[in-house]
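Beneath this line is the structure, given in structure tokens, with notes to follow.
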Amino acid sequence: MALVMNNENEGLQHRRGFIGHDLIGLAVIIAIAAIGYFAFPDNLALLTRMITIALLVLSLDLVTGYCGVATLGHAALFGSGAYAAGILSAHYGINDPLLMMLAGIVGGAIAGLLCGAIILRAHGLPQLVLSIALINLFHEFANKASSWTGGSDGLSGIAPDPVFGLFEFDLYGHTAFFFGMALLLIVFVLLRFLVRSPFGMLCRAIKQDPLRIRAMGASPKAALIRMYAISGAVAGVGGALNAISTQVVGLDSLSFTQSAEALVMLVLGGTGSLFGALSGTVIFMLFEDYVSAANPFHWLTMVGALLIAVVLFAPKGLYGTAAAFVGRRREQRS
């Protein structure tokens, strides 16, 4: 009886520790957003762009960091959400931001199911080849379907209504920024529950030893396809937010470059960690914006040097390495 009570107390303390960690993390996210809002009042478009890309990187972390699926075509999910929301507005006149967001979620989830069903038929390097092929196919399809997507000219005519009929999307980007932050916080909280759920633990176990999971009677492929659909929905939120905030969708949302940069941001922050995905996005985009303005001719060299330094000296990513260091210090003190 005493043993059971001790186990329950340890479990309760463990859950409280997780909740406290999450609350601190959310407070840090809100604090960074507030600092950015007051530090860059004339460049809120950059901050909103960070939020959209952060959602893409979070979605990539679900399949790469937590499931171990190699992909360089994740922008296909992001672009599908962007085009779904844009087409709803430009062609059907449905301009409610929440309905456009719902269209982006559905579009991203469908793209995730399709991409997952194809990519998961292979492993390792063949997965990368399939993902590259898929992003090129999505890009070419959007380019050819110019009557719907605008082709190389981009999809314009997107005119979102005020949020809840009260908050109009202004030229300075205030509404887009706060709308994006609200979406990011909601998605982040939901993903924290997801990765700690039995399904999230199953996906982590599949990454570690898929043969053992199959021997236990579970289907690794079915679980990974479900995670791919969830990842697509998250990427679709980012794509829809991008369409709503910029009021145009271009082919760059379906580009290989977008996918590669998202993977770089994830590695920079640390895979298998939602906080790592967010920190990698913020660090990379701020660094890129600063060095490109300071040195327009050699900024790519500086970005490359940063990435080489991180890979060599912080292989777990900046956040992952810092978290591991703090964990070791706590163990030493205890």
Side-chain angles (χ1 to χ4, degrees), residues 43 45-65 69-83 108 111-112 115 119 127-129 131-136 138-139 142 154 180 184 231-232 234-243 245-246 248-296 298-311 314-315 317-320:
N43 201 5
L46 172 63
L47 301 182
T48 306
R49 175 68 176 170
M50 282 186 188
I51 295 171
T52 63
I53 300 302
L55 289 164
L56 170 60
V57 178
L58 284 171
S59 71
L60 177 61
D61 196 23
L62 291 179
V63 297
T64 299
V69 178
T71 174
L72 277 170
H74 219 65
L77 285 57
F78 179 85
S80 296
Y83 274 111
C115 292
I119 291 175
Q127 277 186 340
L128 287 176
V129 174
S131 66
I132 294 171
L134 281 171
I135 189 63
N136 287 325
F138 272 72
H139 184 278
L184 178 62
S231 173
V234 175
V237 173
L241 176 61
N242 185 64
S245 61
T246 62
V248 64
V249 182
L251 289 175
D252 59 327
S253 63
L254 286 168
S255 67
F256 172 78
T257 302
Q258 184 88 283
S259 296
E261 285 188 350
L263 184 59
V264 167
M265 295 176 200
L266 180 59
V267 172
L268 180 64
T271 60
S273 168
L274 299 180
F275 288 111
L278 290 181
S279 61
T281 304
V282 173
I283 293 170
F284 180 87
M285 295 192 70
L286 284 178
F287 185 79
E288 182 184 47
D289 181 71
Y290 175 77
V291 298
S292 61
N295 194 329
H298 303 290
W299 66 275
L300 280 174
T301 304
M302 289 182 275
V303 171
L306 170 66
L307 297 178
I308 292 173
V310 169
V311 172
L318 296 176
Y319 176 83

### Task
Any chance you could lay out the side-chain contact (heavy atoms from CB on, under 4.5 Å) test for Leu77 and Ser59, step after step, and finish with the verdict?
CA-CA 9 Å; Leu77 285 57; Ser59 71; 5.7 Å; no
### Query
Roughly how far apart are Ser259 OG and Leu56 CG, rounded to 0.5 Å?
7.0 Å
### Task
May I ask you to decide if Leu72's main-chain N or O and Ser131's side chain share a donor-acceptor pair within less than 3.5 Å?
yes
### Task
For the pair Thr281 (side chain) and Ala277 (backbone), establish whether a donor and an acceptor sit closer than 3.5 Å, ignoring hydrogens and angles.
yes
### Query
Is the backbone N or O of Ala70 less than 3.5 Å from a side-chain atom of Thr64, with the two atoms forming a donor-acceptor pair by type?
no
### Message
Rounded to the nearest 0.5 Å, what separates atom CD1 in Ile132 from atom CZ in Phe256?
### Response
5.0 Å
### Query
Thr48 and Ser245: which non-hydrogen atoms are nearest, and at how many Å?
CG2-CB, 3.8 Å
### Message
Measuring only between side-chain heavy atoms, which start at C-beta, is Ile53 closer than 4.5 Å to Glu261?
### Response
no
### Query
With distance as the sole test, does Asp252 use its side chain to make a donor-acceptor pair with the main-chain N or O of Gln258 at under 3.5 Å?
no
### Query
What pair of heavy atoms forms the shortest contact from Val310 to Leu318, and how long is it?
CG2-CD2, 4.0 Å
#### Entry: 4.5 Å side-chain heavy-atom contact, Met285 and Asp289
no
### Query
Side chains of Asn242 and Val249: does their closest heavy-atom pair fall under 4.5 Å?
no
### Query
Hey, are the side chains of Leu251 and Tyr83 touching, using non-hydrogen atoms and a 4.5 Å cut-off?
yes
### Query
Can you check whether Leu278 reaches Leu184 side chain to side chain, under 4.5 Å on heavy atoms?
yes
## Note on the structure
Distance col, row Ile283:CD1 vs Leu268:CG, nearest 0.5 angstrom, shows 5.5 Å
### Query
When rounded to the nearest 0.5 angstrom, what distance separates CD in Glu288 from CG in Leu306?
11.0 Å
## Note on the structure
In short, Ser279 meets Gly269 closest at the heavy-atom pair OG-CA, 3.9 Å
### Check: Val303 and Val291 side chains under 4.5 Å, non-hydrogen atoms
yes
#### Entry: Gap separating the OG atom of Ser292 from the CZ atom of Phe287, nearest 0.5 angstrom
10.0 Å
### Message
So, taking the atom named CG in Asp61 and the one named OG in Ser231, what distance separates them when rounded to the nearest 0.5 Å?
### Response
9.5 Å
#### Entry: Closest contact, heavy atoms only, Leu274 versus Leu58
O-CD2, 3.7 Å
## Note on the structure
Residues Phe138 and Ser80: closest non-hydrogen pair is CE2-OG, 3.4 Å
### Message
In the structure I gave you, are the side-chain heavy atoms of Val282 and Met265 within less than 4.5 Å of one another anywhere?
### Response
no
#### Entry: Heavy-atom side-chain proximity of Phe78 to Leu55 below 4.5 angstrom
no
### Task
Indicate the atoms forming the closest heavy-atom contact of Ala142 with Leu254, along with that distance.
CB-CD1, 3.5 Å
